[in-house]
Amino acid sequence: MIIAIDGPAAAGKGTLARRLAAHFGLNYLDTGALYRAVGWAVVRAKGDPADPVAAEAAARALDPAGLSSPDLRTETAGQAASKVAAIPAVRAALLEFQRAYATRAPGAVLDGRDIGTVVCPAAEVKLFITASVECRAARRLKELLDKGESAIGERVLEEMRERDARDRARSVAPLVPAADAVVLDTTELNAEAAFAKAVAIISERRPAG
Ligand code: DC
């Protein structure tokens with residue numbers, strides 16, 4: 001079984017996807033980490049993440065072994081990821097890895113922006129996890145402060161809006177719910193309630209056996 005989880009930044013996709021994978025005994029791939037790793041590699045080499053040549057080279061050289069590095073969780077890596085993600089050659093370079101991962105037994109939960117629309121259009125279950133931009137910015141701010149980083153609420157909100165706009169407006173694989181996705185708005189839901197709703201939706205839709 002493949003479960004596709006898409007949605008904007010900080011909607012709670014990652015936490016939810018990881019829990020769902022454990023619950024249903026599936027592999028889990030955070031596809032945002034792939035784009036973050038590419039963006040971060042370009043920034044570290046003092047390049048411009050919006051430069052198609054540098055970004056494609058970084059995507060082709062990507063080593064999946066480094067995907068859990070804490071460097072990838074920073075706002076700088078997130079913004080760089082959103083820039084490299086708008087480059088078609090970068091998306092093409094990362095597509096095969098994601099598809100191969102998804103189809104490996106026993107199946108997988110993948111979270112990202114285009115899983116239900118492009119990477120796994122035949123996924124058995126598609127969820128689109130969203131929340132208001134103010135709520136997502138507040139969650140991101142709390143996450144940063146909990147990590148001991150200094151952050152200003154207004155700046156986090158502004159960056160969230162910028163990233164949303166870039167992810168939604170790009171011409172290749174923009175952030176949109178697949179036609180057959182179930183939309184789950186977590187603005188008023190905590191992680192526990194979102195998980196319970198998602199389990200109910202998946203249990204209803206997944207193939208018998
Ligand atoms: O989910 P995240 O914040 O880690 O993703 C970082 C960026 O990567 C996001 O702004 C857009 C991009 N991304 C994408 O374009 N497609 C995906 N499947 C996953 C992430």
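Residue numbers run from 1 in the order of the sequence given. Side chains are part of it too, since the values below use all heavy atoms of this structure and drop only hydrogens, waters and symmetry mates. Indexing begins at 1, ligand by ligand and atom by atom, following the structure's order.
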To check your reading of the model: name the closest protein heavy atom to [atom], its residue, and the distance in Å.
atom	value
atom 6 (C) of ligand 1	R163 NH1, 3.6 Å
atom 16 (N) of ligand 1	R91 NH2, 3.0 Å
atom 8 (O) of ligand 1	Y35 CB, 3.5 Å

Next item on the list: May I ask whether R166 places a heavy atom under 4.0 Å from ligand 1?
Entry: no

Notebook entry, point to check: Which of these, A4, G32, A85, A10, has its nearest heavy atom closest to atom 12 (C) of ligand 1?
Noted result: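 It is A85 that holds the nearest heavy atom.
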
Check: Which option out of R73, K83, R113 puts a heavy atom nearest to atom 17 (C) of ligand 1?
Finding: R113

Margin query: Need the ligand 1 atom indices (1-based, order shown) with element for anything under 4.0 Å from a heavy-atom of T31.
Written below: 17 (C), 18 (N), 19 (C)

Note to self: So if I count the atoms of ligand 1 from 1 in the order they appear, which ones are less than 4.0 Å from some heavy atom of A81?
What the structure shows: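 This gives 6 (C), 7 (C), 8 (O) as the contact atoms.
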
Do the side chains of [Y] and [X] get nearer than 4.5 Å, heavy atoms only?
X	Y	result
I202	L20	yes
E159	R140	no
D111	D6	no
I5	I115	no

Check: Could E143 and K147 be called an ion pair, given the rule that one side-chain N must be under 4.0 Å from one carboxylate O?
Finding: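 No, no charged N to carboxylate O under 4.0 Å.
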
Check: So, R19 and E192, do they make that salt bridge, N to O below 4.0 Å?
Finding: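 Here R19 pairs with E192 in a salt bridge, since their nearest N and O are under 4.0 Å apart.
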
Next item on the list: State which residue, out of R161, E154, R155, fulfils the side-chain contact (heavy atoms from CB on, under 4.5 Å) condition with E158.
Entry: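 Among R161, E154, R155, the one that satisfies the side-chain contact (heavy atoms from CB on, under 4.5 Å) with E158 is R155.
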
Is [X] close to ligand 1, meaning an N/O of one under 3.5 Å from an N/O of the other?
X	result
D114	yes
D30	no
Q98	no

Next item on the list: Please state which part of R36 comes within less than 4.0 Å of ligand 1, counting heavy atoms only: side chain, backbone, both or neither.
Entry: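 Looking at R36 and ligand 1, just side chain atoms fall under 4.0 Å.
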
Next item on the list: Using a 4.0 Å heavy-atom cut-off, say whether R170 meets ligand 1 through its side chain, its backbone, both or neither.
Entry: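 Near ligand 1, R170 shows its side chain, while the N, CA, C and O stay back.
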
Note to self: Looking at every non-hydrogen atom in both residues, tell me the closest pair between R91 and D114 and how far apart they are.
What the structure shows: NH2-OD2, 2.9 Å

Item checked: A86 versus R170, closest heavy-atom pair with distance -> CA-CD, 3.9 Å

